[in-house]
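The sequence lines fix the lettering, A, B, ..., with proteins before strands; numbering per chain opens at 1. Reckoned from all heavy atoms, side chains included, excluding hydrogens, waters and symmetry mates.
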Protein chains: 2
Amino acid sequence: MMKTPEKLFFTALGNDYRYRILTLLMKKPMSVNALAEKLGIEQSNLSHHLKCLLDCRFVEADVKGRTRIYRLSPATKELVGSTKKYINYYGGYLKKCGMLS
Amino acid sequence: MMKTPEKLFFTALGNDYRYRILTLLMKKPMSVNALAEKLGIEQSNLSHHLKCLLDCRFVEADVKGRTRIYRLSPATKELVGSTKKYINYYGGYLKKCGMLS
DNA sequence: TCAACATATGAATTGTTAATCATATATATT
DNA sequence: AATATATATGATTAACAATTCATATGTTGA
């Protein structure tokens, strides 16, 4: 069904866990375990989301012993900073939209 | 179930019709009919999307006789311009993400 | 005021995305 | 080599978002 880049982009960022992963990694790189604790999410679910973010190059990872440390890819830092501004601006209106709620 | 502003924001923009409406309105204001023609979409479906964009203040409208002319709200011009840049950058990677496709 | 046109709305259906569950892989430790 | 630990993967199920369909509203012109 060949989705558009626009659709893929907003769908990727439009999941709360994925977006929270990005904001957590803004602060510092983290292992899967550490992320799972912070998010209160099941390990396998988290792994699925991390794979998605990795495929999309929103994050990078390197192997450290048997753990994997995830970090934001450079371009993503700017992206997250920029979107935060808009979310703040539109936030109040968005919650009044019946179609989305 | 109280969704987050982040989720609402990306869901609002993550529908192809809604995003295309915004890019069409970047060029010039348009009536519902004109938009429906450009998009090849059913009128009632389009109206639902326009209501959403209106509720979220991505667009504004004014009544002109029995038609309604929609236009981008000022802040949205900047938003669309800014996101276009990121979509262009990540586009190539996004389509390789199995979870999204 | 009646017909037609332009747009909007609500409810039901269909389609898409995410979570779960079971299991696999890879590395380190004993 | 066997076990424990950390993470990944695939398939199924559950949750959510978008479309359709039927109908409503509001405005203009005959």
Pick the nucleotide of DNA chain D nearest each of A:Lys7 and A:Ser44; which residue has the one closer to the 5' end? A:Ser44
Can you measure [X] atom [atom1] to [N] atom [atom2] for me and round it to whole angstrom units?
X: B:Met99; N: C:dT16; atom1: CE; atom2: C1'; answer: 12 Å
X: B:Lys51; N: D:dT25; atom1: NZ; atom2: P; answer: 16 Å
X: B:Asp16; N: D:dT19; atom1: CG; atom2: C1'; answer: 14 Å
X: B:Leu54; N: C:dA8; atom1: CG; atom2: C1'; answer: 11 Å
X: A:Met2; N: C:dT16; atom1: CE; atom2: P; answer: 15 Å
X: A:Lys64; N: C:dA28; atom1: NZ; atom2: P; answer: 12 Å
X: B:Asp55; N: C:dG10; atom1: CG; atom2: C1'; answer: 15 Å
X: A:Ile69; N: D:dA6; atom1: CD1; atom2: C1'; answer: 11 Å

N or O in side chain of [X] less than 4.0 angstrom from [N] OP1/OP2:
X: A:Asn15; N: C:dT17; answer: no
X: B:Arg68; N: C:dA6; answer: no
X: B:Lys3; N: D:dC16; answer: no
X: B:Asn33; N: C:dT7; answer: yes
X: B:Tyr70; N: C:dA8; answer: yes

With nearest nucleotide decided by heavy atoms, which residue, A:Gly65 or A:Leu46, maps closer to the 5′ end of DNA chain C? A:Leu46
Hey, which sits more toward the 5' end of DNA chain C by its nearest nucleotide, A:His49 or B:Val32?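 The 5'-side residue here is B:Val32.
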Side chain proximity check, A:Lys85 to B:Glu78, heavy atoms < 4.5 angstrom: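 The answer is yes; the side chains approach within 4.5 Å.
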Test item: A:His48 and B:Met99 side chains (from C-beta on) under 4.5 Å apart, heavy atoms: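 They are in contact (side-chain heavy atoms under 4.5 Å apart), so the answer is yes.
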Just how far is it from atom CG of B:Asp55 to atom CG of B:Leu8, taken to the nearest 0.5 Å?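 CG of B:Leu8 is found 11.5 Å from CG of B:Asp55.
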Taking atom types as they are modelled, would you say the side chain of [X] forms a donor-acceptor pair with the base of [N] within the 3.5 Å cutoff?
X: B:Thr67; N: C:dC5; value: no
X: B:Thr11; N: D:dC16; value: no
X: A:Gln43; N: D:dA8; value: yes

Tell me what B:Ser31 touches on the nucleic acid: a base, only sugar-phosphate, or nothing, going by heavy atoms under 4.0 Å.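 Sugar-phosphate, backbone atoms only, no base.
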Decide ring-ring contact (aromatic ring centres under 6.0 Å, His included) for A:Phe10 and B:Phe9; before the verdict, give the C-alpha distance in whole Å, the side-chain angles of both, and the deciding distance to 0.1 Å. CA-CA 9 Å; A:Phe10 292 116; B:Phe9 178 77; 7.3 Å; no
Can you identify which nucleotide, out of [options], has its nearest atom closest to the [X] side chain?
X: B:Glu42; options: C:dT20, C:dT17, D:dT20; result: D:dT20
X: B:Asn45; options: D:dT19, C:dT20, D:dA18; result: D:dT19
X: B:Arg66; options: C:dA8, D:dG26, D:dT19; result: D:dG26

Counting only N and O atoms by type, is there a donor-acceptor contact under 3.5 Å from the side chain of B:Arg71 to the main-chain atoms of B:Asp62? no
Verdict with reasoning, B:Thr83 to B:Tyr19, per side chain to side chain contact (heavy atoms under 4.5 Å, CB included): CA-CA 11 Å; B:Thr83 56; B:Tyr19 193 81; 3.3 Å; yes
Under the criterion of centre distance below 5.5 Å and interplanar angle below 30°, is B:His48 classified as stacked on the base of C:dT9? yes
